[in-house]
Amino acid sequence: MLKVLSREFNVSINTLLGAPRQLFCQCCGMPLTEDSMISRELDQSFNEDYCKWCYVDGEFIYKQKDSLINFLLQNMPNPQNQSDDERRKFYDSMLSQLKHWKV
């Protein structure tokens with residue numbers, strides 16, 4: 001019934017339940033603070049595990065963790081002027097804790 005209501009009102013199940021969980025993309029780790037950030041399946045139902053930038057139309061954008069890490073290295077701020085190797089190790093350790101990248 002929750003899936004039907006979610007589809008009918010175009011809101012996530014988490015929103016229907018009063019947002020009891022803080023959702024995070026299980027690919028990149030970004031907080032999913034609004035339904036507009038949550039990915040969708042081919043049938044347009046919400047997939048609350050991923051953001052719309054990592055998972056589109058039932059497909060993952062980042063097939064390998066290194067491709068996401070390379071994107072992060074190029075686009076995330078580096079206020080402490082860490083080396084790319086240090087940042088790569090940090091991103092790898094953080095991403096490895098997420099569902100999509102667990103081995």
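Numbers here simply count residues along the sequence, with the first being 1.
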Please tabulate, for the side chains in residues 25-38, all donor-acceptor contacts under 3.5 angstrom to protein atoms that are two or more places apart in sequence or on a different chain.
unit_1, atom_1, unit_2, atom_2, d
Q26, OE1, K99, N, 3.0
Q26, NE2, F24, O, 3.3
E34, OE1, S36, OG, 3.4
D35, OD1, S12, OG, 2.8
D35, OD1, T15, OG1, 2.8
D35, OD2, S12, N, 3.0
D35, OD2, T15, OG1, 3.0

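Without hydrogens or angle criteria, S93 side chain to F90 main chain gives a donor-acceptor distance under 3.5 Å.
In terms of hydrophobic clustering, with Ile, Leu, Val, Met, Phe, Trp and Tyr side chains grouped at heavy-atom distances under 4.5 Å, L73 and M94 are assigned to a common cluster.
A heavy-atom distance below 4.5 Å is not found between the side chains of I61 and L68.
Listed by chain and number, the residues in a ring pair (Phe, Tyr, Trp, His ring centres under 6.0 Å) with F60 are Y50, Y55, H100 (sequence neighbours excluded). Among residues two or more places apart in sequence or in another chain, the side-chain contact (heavy atoms from CB on, under 4.5 Å) test is passed with D43 by R7, E41, S45. Partners of S83 according to the side-chain hydrogen bond (donor to acceptor under 3.5 Å, both in side chains) rule, which considers only residues two or more places apart in sequence or in another chain, are E86. For the side-chain contact (heavy atoms from CB on, under 4.5 Å) test, residues two or more places apart in sequence or in another chain that qualify with E59 are K63.
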Requested in this report: Evaluate the side-chain contact (heavy atoms from CB on, under 4.5 Å) criterion for residues M76 and Y91: first the C-alpha distance (whole Å), next the side-chain angles of each, then the deciding distance (0.1 Å), finally the verdict.
Outcome: CA-CA 11 Å; M76 292 298 289; Y91 292 139; 3.2 Å; yes
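Within a 6.0 Å radius of CD in Q44, more than 12 heavy atoms belonging to other residues, nucleotides or ligands are found.
Shortest non-hydrogen contact noted between W53 and Y62 is O-CE1, 4.2 Å.
Atom CZ of R40 and atom CD of E48 lie 11.0 Å apart (nearest 0.5 Å). Taking NZ from K52 and CG from D57, the interatomic distance works out to 12.5 Å, rounded to the nearest 0.5 Å.
The salt bridge (Lys or Arg N to Asp or Glu O under 4.0 Å) analysis of residues 65-85, with sequence neighbours excluded, yields the pairs K65-D92, D84-R87.
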